[in-house]
Structure formats: structure tokens, C-alpha cells
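Notes for the one structure printed next.
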Amino acid sequence: MSLRRNPLNFSHYILLAVSVLVGCKPSTGPVTTAELVTTKRIAVIVSTLNNPWFVVLAESARVRAHELGYESTTFDSQNDLTKESAHFDNIISSGYSAIILNCTDAKGSVANVRRAKSAGVPVFCIDREIEANDAAVSQILSDNYSGCVALGRYFVKEVGENASYAELLGIVSDTNTWSRSKGFHSVVDRYPGLRMVAQQSGEFDRSKALDAFEAILQSNPDIKAVFCGNDAMAMGAYQALVTEGKAGKVMVFGFDGADDAVRAVADGEISATVMQYPKLMARTAAESADRYLKGSRDFVQRIPVTVELVTRENVSKFGNYGRKE
Amino acid sequence: MDGKNSRHTSGLVSRRLLTVAIVVSLSTYYFPLFHVSRLSTVASPIDFDTLAAANRFWIEDLPAAHADNATVIALAYQTDPSGAIKEHARFVGLGGAAYFFIKGEGKVVSYTHDAIRLVLAGDPAPQIEIQIGPIFGNAVRDATGLLDVNRFPSLEDFNEIASDLNQRVESRVLPPLRARVTVGAHVIFTGCAEAGESAQGQQVLSVIPIKAEVR
């Protein structure tokens, strides 16, 4: 047996194994130029491309990564965690050097991010939070709750302290849905005269919101306002009002700062929306990935991004998914 | 292979295995394959106690935090809001959210069920508003900069702190203020004010008091 004939080889195996195991520890130092040359692709995984706001988010990340010298590809998860998981598998096996992630599920996506981390692929979350502090390198997040606190205060000011209203929720498994709803209710529920007579999910989708709100209007013809968890649903709700001949009689409140909603605020069709900054978040994530790949490890886990109330009083300052330059 | 050679080979194997064992022991001592960390030094989101964090902040951190002179800040804000924010405000995250943490005193010139208008001590004497209605937003949580979002398991927990602190203001600071306020009364206060871009356009700073006394 070769081991007996040359026992020194056995010690070599052990030393080699120890060296490999020690060497397997993830590097915390700067990467080399050679590594950079061979790994220059950044993947952008987005929850859905069936909403213009997310298209802007993904495209802004992809373009900024390209400007920084990386090849960049966008992967659409279609709001499906299984598809997102498959994207991660594909991206990891294809040798991408970093991932910018707009997740589909705050809890479910954590395993995907951990898998990428284990494979040495850093992940930067944008807009939507994952419920882990030790998986992503950094999370650049819209402060949905605070935005809806501001929206709730404006809602009370505009609608008054005595009225019936409805709420269209987003996807019920999405944390943003509840951050927005909780922020809104943290204000509005303080006023007992404001009565929520219907609360349904429009799944962040314009046509589903239209259908849901038409049914709500038929059952509750006296409502004075509707709070929608995003602008797509607000536009759907407004369309339902037009169809029912109630445009201008029921106030519509949205969230996102999508271009069509901002125009609708300017035109008086929607009372208010909340501007998130998809371009700012996406650019910051791409630049963070670039810094990471060049050796920086100085990242904070969560970076909240301010959101701003957009009303008829200040709408002229906004457009193109942000403040006008 | 005879017995002598066999014993010699066996001895050689033993010595070399011993050498390997020593090398492995030393290697793993200096380069351990895993580390055992004290739980107290590792962020433990699951065990995070939001109420305890709010208590600690309200009782220990907030009263000890440095507050700027209200007259100086209010005058600067009325003259040049952007300059005052740049020089004196505390910024949070990306996008322009900023807050002042101030203390001062002044005379009540008017009040409603939501706010007290004060003219501050000083020459010239600027005016500010003290909020006495329902308290919303992140000013109390963020104005001192002592609470870091990254010490919390999620943004939701961080927002719960803001809500908890606002309720403390409403239940502990505002009732005696509302009860004793009269035009001409002297108010000594410490408080937080939003100062970011969304707050610009306000004529005066709107302060949420974390401590107030009417004389």
C-alpha cells in the first residue's frame, strides 16, 4: 500500500487539507487586479419588470454598472421566489462577481442571498429589505413606513377627520405592503372619525386594483378617499372612478412617485403620491458593488433612503423618478 | 518484509504521524477552522428587545445628548434654511432627511390645540413652534444621531422605536404643557425638529419637545 511505503505523503495530504481549509476562509483583504480582470460581471435581479417603477430601478442599476466598466444583465423574478432562486443558481454557476437584488420575499430570499455569499458572490439589496443582517453586504432601502406617515398626515389634512375610506394593499407577502399600510394607519387610526370600510389586495397591479376598487365602490358608494399601496394601483383606482363617473369625487392617494402618477397629481387626478428614488438607490448599489470588488469592505448593513411627499403644492419639483435637476 | 524492517517502518510512521499531529495542532491553534464568539458581541436580531432599547434611549441617552442653542439655529434657519441645515443639522441615510436637536426658552405669543408659538430669548428674537398635538415622524428618534438603524434587526423595528418615542412625548411631555400654557407664559424646552428638504418652506421650525417646563 502506497501509504505504508511512503508515509510522508500522508502528512502532505493532511498539511494540504489544513492549508486548504484555512485558505477557504473568505478573504477580507483587497482583491487583486488579476481577479478583477477575470470577474467583471454584475447581475441585477429585480422582483418584476411588469411595473415601470421597477424597470427604472433595474435599468438604472444596470446602466450604472456598465458605466463603471462591468458587463451587466437584468434577471426578472416575476414576483416568484422560485424564479429568483433559479436566477441565483444560474448567476452563481456563471461566475458573476456581484449581485444587485430587489428581492421577492423578505424572508424567503434570505436563503438565496446566503447561497451567493457562501459562493463568494456579494449581494447588495435595493428598495426591498431582506430579514437578515448578516447575508447581504449592504441594503439600500426606501423608508416606506416614514413615507406613509407623511402621506397619512396629508390624507387627514385633505380628507378631514370624519370620513369613510378604502385601502388597496399590495402583495400580502411583501414587507413593503405592510410597512406602507402600518405607516399610514399609525396616523389615520388616531382619528376615530376616519373609518376604513374596505381593505383589499390589488397585488400592486393596476388592473387588479381597478377590478377590486370597482367592487368596493359599488358596495360603498359614499367613500371619500382610497389609499393605495403603490401608484399602479392608484392609477387603477382612478380608472375605476372614471368608469363609475366619480372622478374628482373620491380622493386617491398612491405611493412610488411613478411618472404617470406624478403627472396625475399635477393634473389633479390623484391627491398625492410619495416619491421614492429608484435611480438613487440603484446607482448607490452599483457603486457599492464596484467599491467592494475593488477591495473596500467598509459598508453599513442598512442605508435608509428618504422618500418625499408629492402633492399639488410641490409637484412641479418632481419628475423622471426623482427631483427635477 | 522481515520483522526488523517492519518495526523500523512502523516506528518511522509513528514519528511522522506524531510530527503531522503537532503541525496540525499548531496550525489549528493559530489558524482555527472556526471561531466561537461571545453572543453579546454578535448582532442578535432575533433577541432584540425594542422596548428596552426605547427605554434606554429615553431615560439615559436622550437627556444626556448635546442640544444646540435654539435661538442660533432658529435665526440661521429663518435667514438661510439650506445653510443652516448644512451647518447644524444631523443627516440620516440618503436623500436629505435631516434634523435639529435644540434647547432654549421663550415667551408664548399664541397657541392652538396643535401648537404653541414661542418668541425665543435673543436679539433679534426668532419664533418657533412647539408641537402639542399628535406626534408623528422620526425626529425624536433621529435628531440626536444616537440611534443607529444598523443596531436594529429591521427597518420595521427601527420604526417601532420612533413610534414608541412619539407616544412617550405625547403621554409624558405634552399633558403638563397643554395644561399650563397661556399667552405670555415662559417656556423652557429641549426638542427635535425636522430640517430636511421636505421641511423647507416652513416659516418657522416646528419642534417636538422631549422636555418642557412652563413658568
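Fair warning: this is a prediction, and the values are worked out from it, not measured in the lab. Chain letters run A, B, ... following the sequence lines, proteins first and then strands; every chain starts at 1. Below, each value reflects all heavy atoms present in this structure, side chains not excepted, and no hydrogens, waters or symmetry copies.
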Next on the checklist: So, using ring pair (Phe, Tyr, Trp, His ring centres under 6.0 Å) as the criterion, who are the partners of A/F155 when residues are at least two apart?
Outcome noted: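 With neighbours one apart ignored, the set is A/Y165, A/F184, A/F253.
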Next on the checklist: Let's test your reading of the structure: which of B/A162, B/G93, B/S163 forms the most heavy-atom pairs below 4.5 Å with chain A?
Outcome noted: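 With the most close heavy-atom pairs to chain A, the winner is B/G93.
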[X] and [Y]: which non-hydrogen atoms are nearest, and at how many Å?
X      : Y      : value
A/R190 : B/P134 : NH2-CB, 4.1 Å
A/S186 : B/F136 : O-CE2, 3.5 Å
B/P153 : A/N133 : O-OD1, 3.4 Å
B/G137 : A/V149 : N-CG1, 3.8 Å

Which distance, rounded to the nearest 0.5 Å, do you find between the [atom1] of [X] and the [atom2] of [Y]?
X      : Y      : atom1 : atom2 : value
B/D148 : A/R302 : CG    : CZ    : 10.5 Å
A/N144 : B/L155 : CG    : CG    : 8.5 Å
A/C148 : B/N159 : SG    : CG    : 10.5 Å
A/F299 : B/N150 : CZ    : CG    : 13.0 Å
B/F158 : A/L141 : CZ    : CG    : 12.0 Å

Checklist entry - Given the options A/A106, A/G152, A/P304, A/S146, which has more heavy-atom pairs under 4.5 Å with chain B than any of the others? => result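 Of A/A106, A/G152, A/P304, A/S146, A/P304 has the most heavy-atom pairs under 4.5 Å with chain B.
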Answer with side chain, backbone, both or neither: which region of [X] has an atom nearer than 4.5 Å to a non-hydrogen atom of chain B?
X      : answer
A/S138 : neither
A/Q301 : both
A/V187 : both

Item to check | Any B/L94 side-chain heavy atom under 4.5 Å of A/L280 side chain | outcome: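 With C-beta onward as the side chain, the pair touches.
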Checklist entry - Can you check side chain to side chain contact (heavy atoms under 4.5 Å, CB included) on B/E156 and A/K182, steps first, answer last? => result CA-CA 9 Å; B/E156 187 177 350; A/K182 283 179 182 174; 2.4 Å; yes
Checklist entry - Would you say A/K279 has more than 12 foreign heavy atoms packed within less than 6.0 Å of its NZ? => result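 Atom NZ in A/K279 is packed in, count exceeds 12.
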Checklist entry - Between B/Q167 and chain A, which part of the residue has a heavy atom less than 4.5 Å away: side chain, backbone, both or neither? => result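 Neither the backbone nor the side chain of B/Q167 comes within 4.5 Å of chain A.
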Checklist entry - Do side-chain atoms of B/S154 reach the backbone of A/E131 as a donor and acceptor pair under 3.5 angstrom? => result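 No: the side chain of B/S154 does not pair with the backbone of A/E131.
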